[in-house]
Amino acid sequence: QAGETFNIQSPKQLGVILFEKMHLPYAKKTKTGYSTAADVLEKLAEEAPIVQDILSYRQLAKLKSTYADGLHAFIAKDGRIHGTFNQMVTATGRISSTDPNLQNIPVRTKLGRELRKVFIPRDGYVFVDADYSQIELRVMAHISGDEGLLRAFREGRDVHRATASEVFGVDIEHVTSQQRRMAKVINFGLIYGMSAWGLRQNLGVEKGVAEHYIEQYFARYPKVKRYMEDIRNQARTHGYVQTAFGRRLWLPDIASSRIPVQKAAERAAINAPMQGTAADLIKKAMVAVQKWLQETGAKSRLILQVHDELILEVPEEEVETVREALPRLMSGVAELKVPLVAEVGVADNWEAAH
DNA sequence: GCGATCAGCC
DNA sequence: ACTGCTGCTGATCGCT
């Protein structure tokens, strides 16, 4: 379709084909040339069929090279993959995973999820998988002390639905799936320190509309707004921010004269207490689970952590005990202003247990 | 060997 | 993206 041979895996060559030879409109540039990132290409897919093929190629190439071939190379003689977890890498207190990275195994697409099915327990065992529900938003409710957000979690509400109801001014039972989807983008955006401009890019609405949504959000959840302001000031005054348990992130760039650098530090200041408190909580849970396993003499073993999720390999005879204990231990690691909820699944492969 | 780009996850 | 959504790791390109 390009009319010539080129390396589809080279963003540089692809940029020349799409934006110089085919004269497609380019949305943005990187420091080295045209951007061919997925969000840019998606907007061009209708105009030129080759673009959809490139997006498809990239998805398949990623799954094959990083996961299908990549993971296969790590299978040890015992038939298992033994990765490495790093405790001294991230700025926020999360752990990270390498060789291979077991914390970014596909889950989003149908084809990607096929790769999760290859993770299976040893004979006679199953996986018990529990993940914290909305942990970072619960931490945001706790740290900000916002009454509306606290109430939503205490009443066991679907928080994205509750947000949609407040932002769009409709009754909770009249929230449409599209409104809920938009509220979800707003909620995650807030955790990341997103601006109206960023929200506009994400939702594909006019900037004024995005501004209106944020305005409505802060009117309904005023202490969340207050938190965003306070945490920036705290970062400027002290040079660091901290989690609910006192883990500090130092932010020297908060005083940078380069505005983009300063803004990036502000986003980190907003995000780190929430991401970091969540990381502290799951670390406490890992300690509690390991202690429980040792005290009860269980044969079950903790085999993986994925930021808000713990996976145990559990012998059949311990399934009912662990299914009860794991979410209980995870919920019980701290008394926040909102309940900590963990959802549990049991299956004979990772995809089905999650 | 390394920076840049892209794509996977939370 | 000369503001523009956090934190990571890995594959690949294209250069030194």
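The shown structure was predicted, so the numbers you read here are calculated from the model rather than taken from an experiment. Residue numbering restarts at 1 for every chain, and letters A, B, ... go by the order of the sequence lines.
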Quiz item: Paired with B/dA7: which nucleotide, if any, by Watson-Crick or G-U wobble criteria at under 3.5 Å for both distances?
Solution: C/dT9

Quiz item: Are A/Glu229 and A/Arg226 ion-paired here, with the side-chain N under 4.0 Å from a carboxylate O?
Solution: no

Quiz item: Any ion pair linking A/Glu318 and A/Lys299 (charged N to carboxylate O, less than 4.0 Å)?
Solution: no

Quiz item: Within the structure, does a side-chain N or O atom of A/Thr32 lie under 4.0 Å from either OP1 or OP2 of B/dT5?
Solution: yes

Practice problem: Side chain of A/Gln275 only, please: which of C/dC15, C/dG7, C/dC13 is the nearest? | Solution: C/dG7

Quiz item: Rounded to the nearest Å, what distance is computed from the NZ atom of residue A/Lys31 to the P atom of nucleotide C/dG14?
Solution: 18 Å

Practice problem: Ignoring backbone atoms, test whether A/Asn7 places a side-chain nitrogen or oxygen under 4.0 Å from the OP1 or OP2 oxygen of C/dC13. | Solution: yes

Exercise. Would you mind checking if A/Arg236 and A/Glu266 are paired as a salt bridge, meaning a charged N to carboxylate O distance below 4.0 Å?
Key: yes

Quiz prompt | Donor-acceptor pair present, A/Arg94 side chain and B/dC10 base, under 3.5 Å | solution = yes

Quiz prompt | Presence of A/Gln59 side-chain N/O under 4.0 Å of B/dC6 phosphate oxygens OP1/OP2 | solution = no

Quiz item: Going by an N to O cut-off under 4.0 Å, is there a salt bridge joining A/Lys207 and A/Glu211?
Solution: yes

Quiz item: Among C/dT9, C/dG7, C/dT12, which nucleotide sits nearest the side chain of A/Ala91?
Solution: C/dG7

Quiz item: Does A/Arg267 have a side-chain nitrogen or oxygen under 4.0 Å from the phosphate oxygens OP1 or OP2 of C/dT6?
Solution: yes

Self-check item: Residue mapping more 5' on DNA chain C - nearest nucleotide basis, A/Leu249 or A/Asp39
Solution: A/Asp39

